[in-house]
Structure formats: C-alpha cells, structure tokens
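Please read the structure below before turning to the comments.
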Amino acid sequence: MKPMIKCVVVVLLVFVSLVQAMTIHMIGDSTMANKDNPETNPEFGWGQVLQTYFDTNQVTIQNYALNGRSSKSFIGEGHWDKVMAALQPGDYVFIQFGHNDQKYKSPDRYTNPYTGYRANLTKYVQESRSKGAIPVLFTSTVRRKFNEQGTLEDTHGAYPFVVRDVSRDLDVPFIDMQWKSEQLVTSLGVEDSKSLYLWLEPGESDRFPDGREDNTHFCKHGALAMAGLAVEGIKENQLTVLVDALK
C-alpha cells in the first residue's frame, strides 16, 4: 500500500473510532433511570429509551441515573466517581437532579437549592470539563399535580431556577425539561395526561396487581415522549455532533 493511501486509511480509522467512541453519560434520578425487567415492568425512565433516537454506530448511552438519588447522594454513594473514571474527551454528561434534593427528611439526600444543590451542579460541570467532556444541564420533569381548577401546580420550587442560574454563570448548554414537560402535560389536560405516567388499572400489570396511580414516574409511552423533549432541546442548543447522530 502506498504511503499516501496508508495515511488516508489511518485518518479514516481514527475518525470512525472517535465517532463510535462518543458516549452520553446520564446522571440523575428515577425519572431518568433504567428500570429492571423492561419486558414486564411498565415503568420506564426517559434515559432508558433515549438510545432509540440515536444511531448506535455514532452514540452510545451510558445511563448511570438511579432511583431515589439526589445531586448529593449520587456523589456520596460513589456513583459520580464511576462516571468520572469512564469519561473520555468529547463525551457528553447529561445532568438532571432535583426531585430528591427536596427530601428534607432525608439528610443523605436533601440539599438547600441555593447552596448545596448549586455546589453539586457546579462540581458536576467543572469535573466533567476537566476530563474534556461536555456537560448539559436539565431541569426536572414535572409531576402531574393538577389542582381542583385544573391548573398544573409547580412542585419543584427553587431547584429549576438554580439549574438555569448555574447554566448561565458557567455557560453550560441547558435543556428546560420542566418547561417542556409542563407544556406537554398541560396540553393533554387532567385526564389524558395520565397516559404519560404510571397509571394502571387493577389487574392491568402483574407487577402492580392492585393498580397504580403514580404522578411522577413514566410508562414507556411517557418516557419516549420525555426523551423526545430532550432531543428537541439538543436541537435547540445546536449540539451539532449529537444532532448529526440522530436517526
């Protein structure tokens, strides 16, 4: 093989290797997490289905999100250390906490939004960047909480505001899942929005034989809808490498 051809081949192989190696690392709570036994478990996290939107030859999803974790406990239990060990230059880190940071009766999880929560988000951003990875901040998806007048009420308080604040101060791509999911749930209304969440009639699922009325977690249809909103945000932020890898 001629030297020039060899050089071209090597460059192409390196390029293909880099493209194939790009990974989205997801950190967050149960609304994002993979669930066990998806064949029989009707509950899905939106991170669990995000891969369906991407060409697997270009992007791989590594979903580290876990049920019940907050920005504090994810660090305290050592899960962030595992992510840091896996990060490669050019990877993305999708960060979505807040649901469990509100648990003021759980000192291992609770964070003051203006101090501990902000500090943890800053840590995730700065340490991701130290490995050459690209952090993306997400607000939490909404809980389905309608009042008697049919208005969807906020349940997240100051936490989404702090995500926006950190995004602005540290110049981090920002996807407002709270706003996007709020629009979707509101547009569907009180009854039809149940189709996004884990609402089951008795006998509908062996996993929940007595039925389920869960206004936080998603069924597969809802998880796919939320992942679609995340993809919408990826496009809006012009994350070109990820946009080019979409199906």
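- T31 and Q96 form a side-chain donor-acceptor contact under 3.5 Å, judged by distance and modelled atom types alone.
- Partners of H217 according to the ring pair (Phe, Tyr, Trp, His ring centres under 6.0 Å) rule, which considers only residues two or more places apart in sequence or in another chain, do not exist here.
- One hydrophobic cluster, built from ILVMFWY side chains closer than 4.5 Å, cannot hold both M26 and F97; they sit in different ones.
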Which atom pairs, donor and acceptor, lie under 3.5 Å between side-chain atoms of residues 167-175 and protein residues at least two apart or in another chain?
| from | atom 1 | to | atom 2 | distance (Å) |
| --- | --- | --- | --- | --- |
| S167 | OG | V172 | O | 2.7 |
| R168 | NH2 | D165 | OD1 | 2.1 |
| D169 | OD2 | R118 | NH2 | 2.6 |

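- Residues Q62 and D91 have side chains that never bring a donor and an acceptor to within less than 3.5 angstrom of each other.
- Sorted by first and then second residue, the side chain to side chain donor-acceptor pair (under 3.5 Å) pairs involving residues 236-247 (not counting sequence neighbours) are K180-E236.
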Worksheet entry | Residue pair T139, Y159: steps toward the side-chain contact (heavy atoms from CB on, under 4.5 Å) verdict | CA-CA 8 Å; T139 49; Y159 293 90; over 6 Å; no
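- P42 approaches R207 most closely through the heavy-atom pair CD-CB, 3.9 Å.
- Distance alone, capped at 3.5 Å, is enough to place a donor-acceptor pair between the S73 side chain and the S70 backbone.
- When atom types are taken as modelled, the side chain of E213 and the backbone of W199 share no donor-acceptor pair closer than 3.5 angstrom.
- Side-chain atoms of N120 come within 3.5 Å of backbone atoms of G116 as a donor-acceptor pair (strictly under, hydrogens ignored).
- Under the 3.5 Å distance criterion, the side-chain polar atoms of Q48 are matched with a main-chain donor or acceptor of G45.
- Remark: F138 engages W46, F94 in a ring pair (Phe, Tyr, Trp, His ring centres under 6.0 Å) (not counting sequence neighbours).
- In plain terms, the two heavy atoms of S130 and M84 that are nearest each other are OG-CE, 4.0 Å.
- To the nearest 0.5 Å, the span separating NZ on K72 from OG on S106 amounts to 8.5 Å.
- Side-chain heavy atoms closer than 4.5 Å link hydrophobic residues (I, L, V, M, F, W, Y) into clusters, and following such links, possibly through other members, connects Y117 to V93.
- How far CD1 of I134 is from NE2 of H25: 11.0 Å, rounded to the nearest 0.5 Å.
- The backbone N or O of L184 sits less than 3.5 Å from a side-chain atom of S187, completing a donor-acceptor pair.
- With hydrogens and angles ignored, the 3.5 Å screen pairs a side-chain donor or acceptor of E204 with a backbone N or O of E201.
- Across T141, L152, N215, V190, a single residue satisfies side-chain contact (heavy atoms from CB on, under 4.5 Å) together with V185, and that is L152.
- K123 is not listed as a side-chain neighbour of S71, based on a closest heavy-atom distance of 4.5 Å or more.
- Under the 4.5 Å side-chain contact rule for hydrophobic residues, L224 and M226 share a cluster.
- Note on V241: it clusters hydrophobically with L50, by side-chain heavy-atom contacts below 4.5 Å among ILVMFWY residues.
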Practice prompt. For side-chain contact (heavy atoms from CB on, under 4.5 Å), just list the numbers for R143 and H99, CA-CA rounded to whole Å, side-chain angles, deciding distance to a tenth of an Å, and then say yes or no.
Written response: CA-CA 9 Å; R143 296 183 177 95; H99 274 108; 3.1 Å; yes
Discussion item. Show, in sequence, the C-alpha distance, side-chain angles and deciding distance for I61 and V59, and conclude whether the side-chain contact (heavy atoms from CB on, under 4.5 Å) test is met.
Written reply: CA-CA 7 Å; I61 308 293; V59 171; 4.1 Å; yes
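- Not a single ring pair (Phe, Tyr, Trp, His ring centres under 6.0 Å) links H221 to another residue, sequence neighbours left out.
- N147 contributes a side-chain N or O that, together with a main-chain N or O of T151, makes up a donor-acceptor pair within less than 3.5 Å.
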Practice prompt. Evaluate the criterion ring pair (Phe, Tyr, Trp, His ring centres under 6.0 Å) for residue pair Y64 and H79; output intermediate values, then yes/no.
Written response: CA-CA 8 Å; Y64 297 87; H79 305 297; 9.1 Å; no
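- Residues Q51 and T56 have side chains in contact (heavy-atom distance under 4.5 Å, counting atoms from C-beta outward).
- Contact check for V49 versus F44: side-chain heavy atoms found under the 4.5 Å cut-off.
- Contact of the Y92 side chain with the L87 side chain is not registered, since no non-hydrogen atoms from C-beta on lie closer than 4.5 Å.
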Practice prompt. Just do the side-chain hydrogen bond (donor to acceptor under 3.5 Å, both in side chains) check on D154 and Q178 with the steps written out, would you?
Written response: CA-CA 9 Å; D154 173 59; Q178 181 191 31; 3.0 Å; yes
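- No side-chain heavy atom of I75 sits under 4.5 Å from any side-chain heavy atom of D81.
- Residue V163 is grouped with residue Y110 when hydrophobic side chains (ILVMFWY) are merged at heavy-atom distances under 4.5 angstrom, including chains of intermediate members.
- Counting heavy-atom neighbours within 6.0 Å of K131 NZ, excluding the residue itself, gives a total above 12.
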Fill in: Pair R164-D176, salt bridge (Lys or Arg N to Asp or Glu O under 4.0 Å): steps then yes or no
CA-CA 8 Å; R164 294 181 181 92; D176 196 347; 2.8 Å; yes
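- Side-chain contact check for N67 and D29: no donor-acceptor pair (N or O, by modelled atom type) lies under 3.5 Å.
- Not one N or O on the side chain of E43 forms a donor-acceptor pair closer than 3.5 Å with the backbone of D36.
- Here the side chains of V166 and T122 are in contact, with some heavy-atom distance below 4.5 Å.
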Worksheet item: Can T60 and I24 be said to form a side-chain contact (heavy atoms from CB on, under 4.5 Å), step by step?
Response: CA-CA 6 Å; T60 298; I24 298 173; over 6 Å; no
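- Its side chain within the 4.5 Å cluster rule, L198 clusters with L200, F208 among the Ile, Leu, Val, Met, Phe, Trp and Tyr residues.
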